[in-house]
Amino acid sequence: MKGLYSKNMSVDSNKTFYLETFGCQMNVHDSEKVIGTLVHEGYRQVETVEQADLILYNTCSIRDKAEQKVFHRLADYKKLLAQGKKFGVLGCVAQQEGEKIFERAPHVSLVCGSASYRKLPEMLFELEKNWAAVPNRAEESQVPSSEFTHSGNTRNPRLATQSLVRITGLDDRETDECFETEFTARTNPHRGYITIIEGCDKFCAYCVVPFTRGKERSRTSESVLAEARQMADLGYTEIQLLGQNVNSYKDPAGKPGGGFSRKRTFAELLAAVGEVPGIRRVRFTTSHPRDFGRDIIEAIDAVPTLCDHVHLPVQSGSDRVLNAMQRLYTREQYMERIAWMKAAKREISITSDVIVGFPGETEEDFAETLSLLDEVGYDSVFTFKYSPRPNTPSLALEDAIPDEEKARRLEVLMARQREIQIARYKKYIGIISEVMVEGRNESRAQWIGRTSQNKTLNFTAPEPSAPKVGSYVPVRATASFPNSLVGEMVV
Ligand code: SAM
Ligand code: SF4
């Protein structure tokens with residue numbers, strides 16, 4: 001887009017927006033940055049679609065179900081176009097489907113992939129300007145529905161089922177841009193995300209991310225640390241470093257635009273964030289097993305603020321399936337990394353992602369995944385049925401496993417993992433852990449806490465010692481469930 005735009009040059013500063021986010025933590029944090037950007041541009045965030053002039057969906061396309069959700073949501077509200085509301089699709093579905101979204105949902109005016117968010121201010125300006133220029137909008141909304149037509153992408157102002165404005169921000173995979181902004185609107189005043197790496201170069205056979213989020217590009221460690229210090233100054237005590245593969249992080253320091261500061265490895269960056277005064281907890285997600293070095297565990301051993309939790313997605317316990325998935329490691333190599341974690345000074349809680357029903361997965365392959373669950377003893381596993389995705393290499397494989405069989409395997413897997421968690425969580429009864437107080441559940445008369453291991457520990461506290469949200473308090477676990485602990489604050 002070429003440049004009539006200048007900062008804060010909004011056509012009407014009394015604009016409202018509604019934003020709904022689907023998908024992973026990366027999307028949640030992208031939305032915080034998008035919200036901050038919109039507010040800086042003079043928009044006001046509102047709680048409902050009905051109150052908004054601009055309705056935005058930050059979308060996820062990791063599985064077909066997630067993608068369909070967005071189109072259902074768009075269909076539910078398309079009638080609001082006649083009231084002059086504008087619709088925008090952001091994120092992975094936007095990047096994946098591009099201009100095809102205007103055909104599937106003709107009432108949409110803005111389509112913007114995550115790699116183009118830095119251009120949002122200009123795009124919003126264009127949107128408002130073109131929108132204001134469309135003639136007879138009020139008259140148009142009074143056209144009886146029988147006269148509406150869905151066909152074509154014309155600019156006939158009498159059509160109130162399709163937007164007459166089309167703005168797109170679709171970078172290609174090779175973009176070097178990162179979305180860094182000083183206007184992040186963080187929703188939690190105590191813990192917050194920092195993106196350290198965007199995109200992905202791994203191309204796992206089933207995954208759309210390399211196509212929707214572009215190639216890997218890391219921020220300089222200096223800029224990450226500056227953001228961490230700024231957050232600490234604002235009173236944040238917990239930071240979560242984010243990336244599709246955080247441990248593929250490559251510090252661009254020294255490169256053009258990277259300044260002359262020294263390069264840090266991911267483990268060094270992790271330790272440096274952990275040493276920022278005021279920061280009490282540092283988490284990171286997600287790690288890829290291929291790039292998971294022992295130095296990460298050494299950093300956790302050396303720096304007490306680094307949380308004793310590692311999320312290391314395995315996807316399958318079978319070498320044959322791992323190879324077909326192009327995961328770039330074997331079960332043995334994965335277990336080597338688990339062994340490093342188990343040898344750490346503090347007990348590290350290990351969690352994972354598993355896909356069942358990848359094309360060609362046999363009963364034997366599946367049994368190997370079950371045996372891997374037993375061998376590792378995860379504290380939590382996100383389980384998914386394989387979902388064929390556009391552009392991915394595994395689309396060429398025959399998706400031979402019927403959905404009912406995938407569903408059966410998923411159930412078996414979840415049941416096995418549940419047993420493992422029941423046994424694992426029981427071991428914490430009687431143990432005192434420090435929790436960050438996240439809130440209060442009035443109906444249960446309990447405080448909600450989270451341990452460094454990322455376990456939920458709900459607890460009671462005597463009235464005079466009621467803890468503050470965001471504070472850290474010691475809690476003794478007195479009972480366990482498969483996904484949480486219950487306890488009493490130690491006073
Ligand atoms: N980058 C991380 C990694 O390498 O494991 C995870 C990224 S992805 C957003 C989160 C999880 O979604 C993956 O670990 C995988 O288990 C699941 N997933 C991705 N594509 C999938 C697909 N096509 N079908 C089912 N599950 C999928
Ligand atoms: Fe997807 Fe694999 Fe990249 Fe993770 S590493 S985002 S699963 S392609």
Side-chain angles (χ1 to χ4, degrees), residues 21-30 58-68 91-93 95-96 114-115 173 193 195-218 240-249 266 284-292 310-318 321-329 333-334 337 350-361 369 372-373 378 380-397 399 401 403 405-407 409-410 413-414 417:
T21 306
F22 299 85
C24 64
Q25 289 148 316
M26 294 286 287
N27 264 12
V28 170
H29 185 44
D30 281 349
N58 187 3
T59 61
C60 170
S61 65
I62 199 82
R63 284 173 297 283
D64 185 53
K65 232 183 183 172
E67 183 179 331
Q68 293 318 321
C92 290
V93 177
Q95 186 64 40
Q96 177 190 295
S114 65
R173 213 192 101 77
Y193 298 120
T195 309
I196 65 164
I197 177 170
E198 294 186 28
C200 179
D201 288 345
K202 287 285 187 293
F203 291 98
C204 299
Y206 50 81
C207 185
V208 285
V209 169
F211 307 97
T212 57
R213 286 191 166 268
K215 72 172 182 198
E216 271 179 16
R217 52 235 193 253
S218 301
Q240 182 157 2
L241 302 181
L242 285 185
Q244 287 303 334
N245 294 308
V246 273
N247 55 335
S248 310
Y249 176 81
F266 171 64
F284 53 99
T285 195
T286 297
S287 300
H288 191 285
R290 162 81 170 219
D291 299 328
F292 195 94
V310 174
H311 184 67
L312 196 65
V314 66
Q315 314 299 357
S316 170
S318 151
V321 175
L322 287 175
N323 189 38
M325 287 178 164
Q326 300 170 25
R327 281 293 285 180
L328 310 174
Y329 54 84
Q333 287 165 333
Y334 182 86
R337 281 135 186 85
I350 309 167
T351 58
S352 197
D353 296 348
V354 172
I355 296 176
V356 297
F358 186 77
E361 183 190 66
T369 299
L372 182 117
L373 295 190
Y378 293 112
S380 167
V381 176
F382 294 99
T383 54
F384 308 102
K385 285 192 284 184
Y386 167 71
S387 167
R389 304 310 295 132
N391 305 318
T392 58
S394 63
L395 259 193
L397 306 171
D399 184 16
I401 300 172
D403 196 57
E405 178 57 15
K406 287 182 196 167
R409 289 184 193 178
L410 193 72
L413 190 88
M414 284 162 56
Q417 180 55 27

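Ligands are counted one by one from 1 in listed order, and the atoms in each one are counted from 1 as well. Owing to the predicted nature of the structure, the values given are computational and were not obtained by experimental measurement.
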Does only the side chain of T392 get under 4.0 Å from ligand 1, or the backbone, or both, or neither? Count heavy atoms. neither
Spell out, as yes or no, whether a donor-acceptor pair under 3.5 Å connects the side chain of Y249 to the backbone of G243. no
Please list the nearest protein heavy atom to atom 8 (S) of ligand 2 with its residue and the distance rounded to 0.1 Å. C204 N, 3.4 Å
Distance from atom 3 (Fe) of ligand 2 to nearest protein heavy atom, with residue and atom: C200 SG, 2.3 Å
Any heavy atom of Q315 closer to ligand 2 than 4.0 angstrom? no
To check you understand the geometry: which heavy-atom pair defines the closest contact between N27 and N58, and what is its length? O-ND2, 3.1 Å
Contacting atoms of ligand 2, where contact means under 4.0 angstrom from a heavy atom of P210: 8 (S)
L395 vs R389 side-chain heavy atoms within contact, under 4.5 Å: no
For D353 and ligand 1, does the shortest N/O to N/O distance drop below 3.5 Å? yes
So which protein heavy atom does atom 15 (C) of ligand 1 come closest to, and at what separation? Q315 OE1, 3.5 Å
Donor-acceptor under 3.5 Å (N247 side chain, D291 main chain): yes
Checking contacts here: is it the side chain or the backbone of T286 that comes within 4.0 Å of ligand 2, counting heavy atoms only? Could be both or neither. neither
Is atom CZ of F382 surrounded by more than 12 heavy atoms (other residues, nucleotides or ligands) closer than 6.0 Å? no
Which of the ligand 2 atoms, numbered from 1, are nearer than 4.0 Å to a heavy atom of H288: 5 (S)
Closest approach of any protein heavy atom to atom 25 (C) of ligand 1, naming residue and atom: K385 O, 3.3 Å
Write out the residue and atom name of the closest protein heavy atom to atom 27 (C) of ligand 1, then the distance separating them to 0.1 Å. I355 CD1, 3.6 Å
Using a strict threshold of under 4.0 Å (side-chain N to carboxylate O), is an ion pair present between E405 and R409? yes
Using side-chain heavy atoms (C-beta onward) and a distance below 4.5 Å, is L241 in contact with Y193? no
Need the ligand 1 atom indices (1-based, order shown) with element for anything under 4.0 Å from a heavy-atom of I62. 8 (S), 9 (C), 12 (O), 18 (N), 19 (C), 20 (N), 21 (C), 22 (C), 23 (N)
Rounded to the nearest 0.5 Å, how far does OG1 of T212 lie from CD of Q95? 7.5 Å
Hey, is Y206 touching ligand 1 through its side chain, its backbone, both or neither, going by heavy atoms under 4.0 Å? both
Looking at every heavy atom in both S61 and E67, which two are closest together, and how far apart are they? CB-OE1, 4.2 Å
Hey, is CZ on R217 packed in by over 12 heavy atoms from elsewhere, all under 6.0 Å? yes
Contact check: S287 vs ligand 1, nitrogen or oxygen atoms, below 3.5 angstrom: no
Counting C-beta onward and ignoring hydrogens, is there a side-chain heavy-atom pair between F284 and F266 closer than 4.5 Å? yes
Please write down residue, atom name and distance for the protein heavy atom closest to atom 12 (O) of ligand 1. R63 NH1, 3.7 Å
Numbering the atoms of ligand 1 from 1, which are under 4.0 Å from a heavy atom of Y386? 24 (N), 25 (C)
Tell me which protein heavy atom sits closest to atom 3 (C) of ligand 1, plus the residue, atom name and distance to 0.1 Å. R327 NH1, 3.8 Å
Check whether the ring centres of F292 and Y334 lie less than 6.0 Å apart, and answer yes or no. no
When you measure from atom 1 (Fe) of ligand 2 to the N, O or S atoms of C207, does any of those distances fall below 2.8 Å? yes
One should read off an interatomic distance between L322 CG and Q333 CD, to the nearest 0.5 angstrom, of 10.0 Å
Could you tell me, atom by atom, which parts of ligand 1 come under 4.0 Å of a heavy atom of F384? 11 (C), 12 (O), 16 (O), 17 (C), 25 (C), 26 (N)
With heavy atoms only and a cut-off of under 4.0 Å, state how S387 meets ligand 1: side chain, backbone, both or neither. both
I'd like to check R213 versus E198 (side-chain heavy atoms, cut-off strictly below 4.5 Å). Are they in contact? no
Atom 7 (C) of ligand 1 has as its nearest protein heavy atom Q244 OE1, 3.3 Å
Below 4.0 angstrom from a heavy atom of N245, which ligand 2 atoms are there? Numbered from 1 as shown, please. 3 (Fe), 5 (S)
Quick test of your reading of the model: are D64 and K385 salt-bridged, counting only N-O distances below 4.0 Å? no
Taking only heavy atoms of R389 into account, list the atoms of ligand 1 that are under 4.0 Å away from them. 23 (N)
Report, in ascending order of atom number, the atoms of ligand 1 lying under 4.0 Å from any heavy atom of N245. 1 (N), 4 (O)
Can you report which non-hydrogen protein atom sits closest to atom 7 (S) of ligand 2, along with the distance? Y206 OH, 3.4 Å
